[in-house]
Amino acid sequence: MNMNQDTTCGPMPPQGVRLHIQDRYVVMDNGIAQVTLSKPGGIVTGIRYNGVDNLLEVRNKETNRGYWDLMWNEIGGKGIFDVIQGTSFRVVVENEEQVELSFTRTWDPSLEGKYIPLNIDKRFIMLRGSSGFYSYAIYEHLKEWPGFELGETRFTFKLRKDKFQYMAVADNRQRNMPFPDDRCTGRCQPLAYPEAVLIVNPIDQRLTGEVDDKYQYSCENKDLRVHGWICFDPPVGFWQITPSDEFRSGGPLKQNLSSHVGPTTLAMFLSAHYAGKFMVPRFEAGEPWKKVFGPVFIYLNSAPYGNDALWLWEDAKIKMMVEVQSWPYNFPASEDFPKSEQRGNVNGRLLVEDRYISDDYIIASGAYVGLAPPGNAGSWQMESKNYQFWTKADENGFFSIRNIRPGDYNLYAWVPGFIGDFRHEVVITISSGCNIEIGDIIFKPPRDGPTLWEIGIPDRSAAEFYVPDPDPKHVNRLFINHPDRFRQYGLWDRYTELYPDGDLVYTIGVSDYRRDWFFAHVVRKVGENTYQGTTWQIKFKLDNMDKSGTYKLRIALASATLAELQVRVNDPNTNRPIFTTGLIGRDNAIARHGSHGIYMLYTVNIPGNRLVQGDNTIFLKQPRCNGPFQGFMYDYIRLEGPPTSG
């Protein structure tokens, strides 16, 4: 089946790209697709493809179809949502092989308080023979301009609801979706927050009784390469392909929205989702900044009638791989987008040193290794102003980070199976065309003594713990018998049902974390909008005590939301805990159906005289209880004995 054949044209060599400039619109046309943009606004108002006059929602205003947008605020001010409208238009490139258009909005002091103090240049590219189009944008803040905060920016598409009802985000996350009308009064019931509704009277009655929430379709950056929608009549696919993470904030594990009911498709570049306000970049007056977001590719494909339209997803994945392998693109005209020969590479091998596991170095197989702006170990999680470049080490620990923009970076890493973050102490300067060999580098994960016991797997996720079935009244059928069970709605309330009287007790050597450790340390619901803090217990035996030594409790958190972790040993009623985190976390992963947010690692020193020979109990108390979503997800917990006991 030829997925890309434009059935309206028949078999013929691809025509060149043509540009039609009108008073209020400009049209890019390569014989396969025809894309109409407002002029000078640079809003995508129409996409004609495969005999369909417009793939975008014609019922919407033209400004609410395909657009770049952002959320911003003056420092200390309220948030402002802005659909970015250009004020000037120019043709950057026009020939048979490609067209590139520029729609710019220039800032000046007369606009203070009304528009974000950025020059914004939105670019759109169409190539000969290409089934779709590209877009990128250049944001620039001059140092003499006032400061601001940028909460979110993205590229948004609203598709025709009468055409696109099947959504695909991953091989195992695709389904027929509700209509936007199903989220309206009379067809749904509101749930705990506006994004989540229970569908009670849908247009497609097969969806009756299901929960819809756009956050159930969130995805980690490293896996958020292609997603979109399929129309069955005619068989047409609309796909958003992001070929690189370099311009997305927060590193490979940062989670972002993808596609959701609308039908809506997003290319997310910057957001605070699953991270909180720490991810929102703040730019001060006197701070120059420039960043290129994209290019991303909007890919259109089609199949002959009678063929299985779901193969359009398979074709979109193949096209995604082609785009990834083509990165960095050689066709964007802006000098702010460096081509491959203007970038650099870094190669090396990562080894782990943990003498309590092995006398030899351990190969860091599958390690995540990346370059990000200089900072502390782990700071890449919250980095939101500049570029990051990540890869995975091979089975021998070797890594190659390619096509890095020139600049100064630290090399960071984390290794599945080990706690902590690695940062190479040497600042790496990338220059045009460089190829840097850094050889073997050694990561010494936190460790002071032998493991006495451990709970979970150090992988920055709580997904391995016990995730309950959802309330039968609040199910998304996609996630029944699904590896991502945690994506079901309302699991926070299930803790109270499973532990109605006492809190979780976990006994080392008897309990199984896959069955006995609830995936989220949440509050207990005791009444309507009334909650109480919870205290979990870890019971364990010590046979040989070192009263003069120090034991180390390592607590790796996968997520925290307006919570506090207090640790007590053998006496739950002491006024002062042996350790407290204080109030931490804004990542909201409990409410947003995540298995993690921001990773944090704590070390608790336990003097040997606080422990006894025989039975001991560690109490983990989370006292903050103003709402249902406060709490933690644990990644991994380990108790180490004193060094001498090894």
Side-chain angles (χ1 to χ4, degrees), residues 220-222 245-254 275 278-279 281 344-357 361-394 396-431 434 436-448 458-461 552 554-558 560 581 584 587 596-603 635-636 638:
E220 293 176 346
N221 280 344
K222 66 182 177 62
D245 285 336
E246 69 177 50
F247 43 80
R248 293 202 283 211
S249 299
L253 299 187
K254 171 70 171 71
F278 315 105
M279 181 58 78
N345 305 316
V346 171
N347 309 295
R349 182 170 67 154
L350 183 64
L351 301 170
V352 177
E353 180 182 320
D354 187 335
R355 296 302 183 216
Y356 286 92
I357 294 178
Y361 289 127
I362 303 161
I363 292 170
S365 171
Y368 289 81
V369 187
L371 291 189
N376 300 318
S379 61
W380 53 269
Q381 287 190 104
M382 297 298 195
E383 200 287 315
S384 56
K385 290 185 177 181
N386 295 297
Y387 303 93
Q388 299 194 29
F389 303 85
W390 287 84
T391 191
K392 282 185 78 172
D394 67 16
N396 295 311
F398 290 99
F399 62 86
S400 179
I401 306 172
R402 311 194 66 76
N403 293 307
I404 308 158
R405 285 169 161 265
D408 290 339
Y409 300 91
N410 275 138
L411 185 141
Y412 302 92
W414 69 274
V415 186
F418 295 89
I419 59 174
D421 274 285
F422 173 77
R423 181 188 72 118
H424 193 40
E425 65 278 3
V426 178
V427 171
I428 296 174
T429 298
I430 299 296
S431 57
C434 73
I436 298 173
E437 301 285 347
I438 60 174
D440 288 354
I441 50 178
I442 312 300
F443 171 40
K444 297 181 181 180
R447 163 80 75 176
D448 285 295
D459 61 358
R460 303 192 172 217
S461 164
K552 301 272 186 178
R554 310 280 187 186
I555 301 176
L557 296 178
T581 60
I584 57 170
D587 61 41
H596 70 87
I598 297 298
Y599 177 82
M600 290 180 278
L601 177 64
Y602 293 95
T603 296
D635 168 37
Y636 172 78
R638 178 172 80 211

*Asks:* Restricting to pairs with a member in residues 364-379, which pass salt bridge (charged side-chain N to carboxylate O under 4.0 Å, His left out), not counting sequence neighbours?
*Replies:*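 Counting only pairs at least two positions apart or across chains, no salt bridge (charged side-chain N to carboxylate O under 4.0 Å, His left out) contact touches residues 364-379.
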*Asks:* Could you tell me which residues satisfy salt bridge (Lys or Arg N to Asp or Glu O under 4.0 Å) with E383, sequence neighbours excluded, listed by chain and number?
*Replies:*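 E383: no salt bridge (Lys or Arg N to Asp or Glu O under 4.0 Å) contacts found.
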*Asks:* Under the rule for salt bridge (Lys or Arg N to Asp or Glu O under 4.0 Å), what residues qualify as partners of D394, not counting sequence neighbours?
*Replies:* none
*Asks:* So how far is it from H596 NE2 to E220 CD, rounded to the nearest 0.5 Å?
*Replies:* 3.5 Å
*Asks:* Residues in side chain to side chain contact (heavy atoms under 4.5 Å, CB included) with P406, at least two apart?
*Replies:* none
*Asks:* Give me the atom names and distance for the closest heavy-atom approach of Y361 to I442.
*Replies:* CE2-CG2, 3.8 Å
*Asks:* Can you tell me how far the CD1 atom of I419 sits from the CH2 atom of W414, to the nearest 0.5 Å?
*Replies:*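 Interatomic distance, I419 CD1 to W414 CH2, rounded to 0.5 Å: 13.0 Å.
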*Asks:* Apply side chain to side chain contact (heavy atoms under 4.5 Å, CB included) to the pair R554 and D448, showing each step before the final yes or no.
*Replies:* CA-CA 10 Å; R554 310 280 187 186; D448 285 295; 2.7 Å; yes
*Asks:* Decide yes or no for R447 and I357: does some side-chain heavy atom of the first lie under 4.5 Å from some side-chain heavy atom of the second?
*Replies:* yes
*Asks:* Among all residues two or more places apart in sequence or in another chain, which pass the side chain to side chain contact (heavy atoms under 4.5 Å, CB included) test with D440?
*Replies:*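 For D440 the side chain to side chain contact (heavy atoms under 4.5 Å, CB included) partners, ignoring immediate neighbours, are R349, L351.
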*Asks:* With sequence neighbours left out, write down each residue that passes side-chain hydrogen bond (donor to acceptor under 3.5 Å, both in side chains) with K444, or none if nothing qualifies.
*Replies:* none
*Asks:* Run the side-chain donor-acceptor check on residues 371-381: report pairs under 3.5 Å with partners two or more places apart or on a different chain.
*Replies:*
unit_1	atom_1	unit_2	atom_2	d
S379	OG	N376	N	3.3
S379	OG	N376	O	2.8
S379	OG	Y412	OH	3.4
Q381	OE1	Y599	N	2.8
Q381	NE2	Y599	O	3.1

*Asks:* Which distance, rounded to the nearest 0.5 Å, do you find between the OG of S249 and the CD of Q388?
*Replies:*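 Separation between the atoms: 7.5 Å.
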*Asks:* Residues two or more places apart in sequence or in another chain: which of them pass ring-ring contact (aromatic ring centres under 6.0 Å, His included) with F399?
*Replies:* none
*Asks:* So which atom in Y409 and which in F389 form the shortest heavy-atom distance, rounded to 0.1 Å?
*Replies:*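 Distance-wise, the nearest heavy atoms are OH-CE1, 3.4 Å.
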*Asks:* Set out, in order, the CA-CA distance, both residues' side-chain angles and the distance that settles side chain to side chain contact (heavy atoms under 4.5 Å, CB included) for K222 and L253, then state yes or no.
*Replies:* CA-CA 7 Å; K222 66 182 177 62; L253 299 187; 3.7 Å; yes
*Asks:* Tell me, please, which residues at least two apart from K392 pass side chain to side chain contact (heavy atoms under 4.5 Å, CB included).
*Replies:*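 Applying side chain to side chain contact (heavy atoms under 4.5 Å, CB included) to K392 gives Y368.
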*Asks:* Roughly how far, to the nearest 0.5 Å, is OG1 of T391 from CZ of R402?
*Replies:* 10.0 Å
*Asks:* Could you walk me through whether L411 and F422 satisfy the side chain to side chain contact (heavy atoms under 4.5 Å, CB included) test, starting with their C-alpha distance in whole Å, then the side-chain angles of each, then the deciding distance to 0.1 Å, before giving a yes or no?
*Replies:* CA-CA 8 Å; L411 185 141; F422 173 77; 3.8 Å; yes
*Asks:* To the nearest 0.5 Å, how far apart are CG in D421 and CE in M600?
*Replies:*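 It comes to 12.0 Å.
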*Asks:* If I compare all heavy atoms of P416 with all of G366, which pair ends up nearest, and what's the gap?
*Replies:* CD-O, 3.6 Å
*Asks:* Using the ring-ring contact (aromatic ring centres under 6.0 Å, His included) criterion, which residues pair with Y636? Sequence neighbours excluded.
*Replies:* none
*Asks:* Side chain to side chain contact (heavy atoms under 4.5 Å, CB included) between F418 and I362: does it pass, once the steps are laid out?
*Replies:* CA-CA 11 Å; F418 295 89; I362 303 161; 4.0 Å; yes
*Asks:* Within the distance-only criterion (no hydrogens, no angle test), does the side chain of D587 pair as donor or acceptor with the backbone N or O of I598 below 3.5 angstrom?
*Replies:* yes
*Asks:* Is the side chain of D635 donor-acceptor paired with the backbone N or O of D459 at a distance under 3.5 Å, no angle test?
*Replies:* yes
*Asks:* Who pairs with Y602 by ring-ring contact (aromatic ring centres under 6.0 Å, His included), at least two apart in sequence or on another chain?
*Replies:* F579
*Asks:* Using side-chain heavy atoms (C-beta onward) and a distance below 4.5 Å, is N410 in contact with V427?
*Replies:*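 The answer is yes; the side chains approach within 4.5 Å.
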*Asks:* Tell me, do P445 and V415 make a side-chain contact under 4.5 Å, heavy atoms counted?
*Replies:*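 No, every pair of side-chain atoms sits at 4.5 Å or beyond.
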*Asks:* How close do I436 and I430 get, heavy atom to heavy atom, and via which atoms?
*Replies:*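 Smallest interatomic distance, heavy atoms only, reads CD1-CD1, 4.0 Å.
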*Asks:* State whether the side chain of R248 and the backbone N or O of N221 hold a donor-acceptor pair below 3.5 Å, judged by distance alone.
*Replies:* yes
*Asks:* For D408, give me all partners under salt bridge (Lys or Arg N to Asp or Glu O under 4.0 Å), at least two apart in sequence or on another chain.
*Replies:*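 Result, salt bridge (Lys or Arg N to Asp or Glu O under 4.0 Å) vs D408: none returned.
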*Asks:* Which distance, rounded to the nearest 0.5 Å, do you find between the CD1 of I363 and the CG of L350?
*Replies:*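 These two atoms lie 11.0 Å from each other.
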